[in-house]
Student: 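Right, I'll just put the structure down here and ask away after.
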Amino acid sequence: MIFKIRDHFDLDKTLDCGQCFRWVKKSNYWSGVVNGYLSNVYFENQHLKIESDLNSLTFWKNYFDLDFDYSKPIKQFLNYGYPLSTATRENSGIHILNQDPWEVLCSFIISQNNNIPRIKSIIERLCRCYGTCHDKYYSFPSPKIISSLNISELSAIKAGFRAKYILDAAKCVSDLKVDLDSIYSMKSCDSLRYLQSINGVGPKVSSCVLLYGFHRTDCFPIDTWIKKVLHKFPDFNFDLLPHKGLAQIYLFSWIRSHPEYLE
DNA sequence: GCCCAGGGAATCG
DNA sequence: CGATTCCATGGG
């Protein structure tokens, strides 16, 4: 299927900004597994082309967030001063994906005290070992599947100390002690506390789940890089900024590509 | 060998 | 309470 893109949209940055971990860049397209379906995505002259057995216009429009009006927050960010103005100028093509909440939760548990290449390799092993095999790719394993494992079986993915956190999350989610669907009707501050009832889920991981799995742009995940930015620019106050989660994404991408600006 | 990586729990003053 | 330490693993 094909979408005509009106606003500025950068597919490369959207899939390579650290919000998702299973998309792989091929020659002129991206290949990934989304909700159990192998999908290939192309972008050329303002058209987004998607080849996937997941053949739903509304799903993909939502996944790539094509109905959200980015122009207003972008305009505000551009007038908010350095460094957000610069970060926005360089990264305003990024869209916030609407990913599967369980995959986001599990992925960002794995992300803690870790680096992006290794996060990807651990997730890949998780899918290969315990996901469902379709022809030549693997779906992301369900919470029920993972909750049936013991800690030594999970050690195969080499997640280290995070393995016990993955197990607790899978158990909580599969027996509905943490009902992810209920979050859709909860306020962000309540869902943050709710998610943090999972062992291994704190302020940062819960914020990422809400931002990348539920499009809660009022959440502002503070990781090591954002911490450095806030320390370097103490006058920058995001508390009252609308859609500050989007600002966080721009700032994260910006500082990752220019770490020298911290000196 | 040492340091760090999209943090959070356990422990300590 | 806030501050520090530990947690597995792998690449630089």
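So you know, we letter chains A, B, ... as the sequences are listed, proteins then strands, and number each from 1.
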Student: Looking at every non-hydrogen atom in both residues, tell me the closest pair between A:Pro143 and A:Ala170 and how far apart they are.
Tutor: O-CB, 3.5 Å

Student: Check whether any side-chain N or O of A:Ser111 sits under 4.0 Å from OP1 or OP2 of B:dG7, and answer yes or no.
Tutor: no

Student: So with a 6.0 Å cut-off around NZ of A:Lys75, is the heavy-atom count from everything else above 12?
Tutor: no

Student: Answer yes or no: is there a donor N or O on one side and an acceptor on the other, between the side chain of A:Trp102 and the main chain of A:Pro141, under 3.5 Å?
Tutor: yes

Student: How would you list all residue pairs meeting ring pair (Phe, Tyr, Trp, His ring centres under 6.0 Å) that involve residues 144-172 of chain A, not counting sequence neighbours?
Tutor: none

Student: State whether the number of non-hydrogen atoms from other residues, nucleotides or ligands found under 6.0 Å of A:Lys144 atom NZ is greater than 12.
Tutor: no

Student: Quick check for you: name the first and last nucleotides of DNA chain C, 5' to 3', having an atom under 4.0 Å from a heavy atom of chain A.
Tutor: C:dC7 to C:dG10

Student: Using whole Å, what does the distance between atom C1' of nucleotide B:dC4 and atom NZ of A:Lys227 come to?
Tutor: 14 Å

Student: Of all the heavy-atom pairs spanning A:Tyr137 and A:Tyr37, show the shortest one and how long it is.
Tutor: OH-CA, 3.8 Å

Student: In terms of heavy-atom contacts, does NZ of A:Lys13 have more than 12 from other residues, nucleotides or ligands at under 6.0 Å?
Tutor: yes

Student: May I ask you to list the residues of residues 8-21 of chain A, by number, that have any heavy atom positioned under 4.0 Å from an atom of DNA chain B?
Tutor: A:Cys17, A:Gly18, A:Gln19

Student: Assess, by modelled atom type and distance only, whether the side chains of A:Glu90 and A:His258 contain a donor and an acceptor separated by less than 3.5 Å.
Tutor: yes

Student: Where along residues 153-172 of chain A does a heavy atom come under 4.0 Å from DNA chain B, residue by residue in number order?
Tutor: A:Phe161, A:Tyr165

Student: Would you mind telling me which of A:Tyr70, A:Phe68, A:Phe3, A:Phe43 makes a ring pair (Phe, Tyr, Trp, His ring centres under 6.0 Å) with A:Phe9?
Tutor: A:Phe43

Student: Please compare A:Ser206 and A:Arg118 by the position of their nearest nucleotide in DNA chain B and report the one closer to 5'.
Tutor: A:Arg118

Student: Could you check whether any side-chain N or O of A:Tyr194 sits under 3.5 Å from a backbone N or O of A:Asp179, counting only pairs where one atom can act as donor and the other as acceptor?
Tutor: yes

Student: Taking only the side-chain nitrogens and oxygens of A:Lys228, find out if one of them lies under 4.0 Å from OP1 or OP2 of B:dA5.
Tutor: yes

Student: Of A:Val201 and A:Arg256, whose closest DNA chain B nucleotide lies nearer the 5' terminus?
Tutor: A:Arg256

Student: Does the side chain of A:Trp30 come under 3.5 Å of the side chain of A:Asp12 through a donor N or O and an acceptor N or O?
Tutor: yes

Student: Grab the CZ-C1' distance between A:Phe252 and B:dA5 for me, whole Å please.
Tutor: 11 Å

Student: Where along residues 186-200 of chain A does a heavy atom fall under 4.0 Å from DNA chain B?
Tutor: A:Asn199, A:Gly200

Student: Using atom types as modelled and distance alone, determine if a side-chain donor or acceptor of A:Asn91 lies under 3.5 Å from a backbone N or O of A:Ser253.
Tutor: no

Student: Please name all residues satisfying side chain to side chain contact (heavy atoms under 4.5 Å, CB included) with A:Lys72, sequence neighbours left out, ordered by chain then number.
Tutor: A:Asp69

